[in-house]
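A short worksheet on the structure shown next.
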Amino acid sequence: MIALENLVRVYGGRAPVQALRGVTLQVHAGEFVAIQGPSGSGKSTLLHLIGALDRPTAGRVTVDGVDLNRLNGDALADFRRETIGFVFQMFHLLPALTALENVMLPLWPYRRQLAFDLRARAQEMLAAVGLGARVDHLPGELSGGEQQRVAIARALVNHPKYLLADEPTGNLDVATAHEIVGLLEQVRCDHGVTIVLVTHDATVAAHADRVVRLRDGCIVADAAQAAS
Ligand SMILES: Nc1ncnc2c1ncn2[C@@H]1O[C@H](COP(=O)(O)OP(=O)(O)O)[C@@H](O)[C@H]1O
Ligand SMILES: [Mg+2]
């Protein structure tokens, strides 16, 4: 379970910005939660704090009982590598590496310590996202939707318990966006990952089983949705 308690994030500078103003939220194992809100409402900030990419100004994030404020250095890197998968709007694939190499990349330095074969796992994840026949393609030889599928395979390669996706459909056309959210729904079932997806798009959020609305750094609504 992810528990956010009174989370505050103020970005310093000459005119400090209160990006989060006391967010309290729980995400339970197996849920697919969408965080929806307009641009600037604090969605990315929230996701970065859950994924231990950033530190709160006040409050805390607990993941499966571990207080992220207490993790430093190697323990923080281990937490991210073992527990979290991240998907971004811009895919962030390396253009000179094939799809397979991109998926293996985050775990490549650890390949000898893993309990599984990295190459086989990466191939399996590319097949799971429908790209079993594209493993040797470079990102430039793939469509936007296919590139995001590679990024999802990369996020899953470490068997993460939590998949965090920041506007994963923001660069895709409407039809492809819905395919990608459909894929996330399937991945949630097949791989038992808990998904927190950030979006400004209500039609994307509608795929989740719960929608949390953010405005100006505060939660303004939190509602379960019937299966679509
Ligand atoms: N590194 C930063 N430094 C200063 N202000 C920031 C930084 N990142 C985000 N902000 C500000 O914090 C607020 C929330 O940003 P963000 O979490 O990126 O919102 P969203 O993802 O919902 O668009 C915005 O007002 C934004 O301008
Ligand atoms: Mg954002």
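Read the numbers this way: they start at 1 and go in the same order the structure lists the ligands and their atoms.
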Expected output: side-chain T24 to main-chain N6 donor-acceptor under 3.5 Å: yes
Closer than 3.5 angstrom, by distance alone: can the side chain of D209 be matched with the main-chain N or O of F32 as a donor-acceptor pair? yes
Is_contact(atom 27 (O) of ligand 1), protein non-hydrogen, under 4.0 Å: no
Starting from [atom], locate the nearest protein heavy atom and write down its residue, its atom name and how far away it is, to 0.1 Å.
{"atom": "atom 4 (C) of ligand 1", "result": "Y11 CB, 3.3 Å"}
{"atom": "atom 22 (O) of ligand 1", "result": "K43 NZ, 2.8 Å"}
{"atom": "atom 19 (O) of ligand 1", "result": "G42 N, 3.2 Å"}
{"atom": "atom 18 (O) of ligand 1", "result": "S44 CB, 3.8 Å"}

Which residue is it: I35, L53, V196? I am looking for the one with a side chain to side chain contact (heavy atoms under 4.5 Å, CB included) to L47. V196
Of H159, M125, K161, Q186, the residue whose pairing with H191 passes side chain to side chain contact (heavy atoms under 4.5 Å, CB included): M125
Can you confirm whether R60 sits close enough to N69 that some side-chain heavy atom of one is under 4.5 Å from a side-chain heavy atom of the other? yes
Could you check if a side-chain atom of R149 sits within less than 4.5 angstrom of a side-chain atom of E179, using non-hydrogen atoms only? yes
Polar contact flag for V17 and ligand 1 (N/O pairs, less than 3.5 Å): no
Should the pair F88 and H92 be assigned to parallel (<30°), tilted (30 to 60°) or perpendicular (>60°) ring geometry? perpendicular
Only heavy atoms of [X], strictly under 4.0 Å: list the atoms of ligand 1 that pass.
{"X": "P38", "result": "22 (O)"}
{"X": "A19", "result": "12 (O), 13 (C), 14 (C)"}
{"X": "T45", "result": "15 (O), 16 (P), 17 (O)"}

Please say whether more than 12 non-hydrogen atoms of neighbouring residues, nucleotides or ligands are located less than 6.0 Å from CZ in R55. yes
Min over G40, S39, G37 of heavy-atom distance to atom 14 (C) of ligand 1 lands on G40
The Mg ion (ligand 2) to S39: any N/O/S contact under 2.8 Å? no
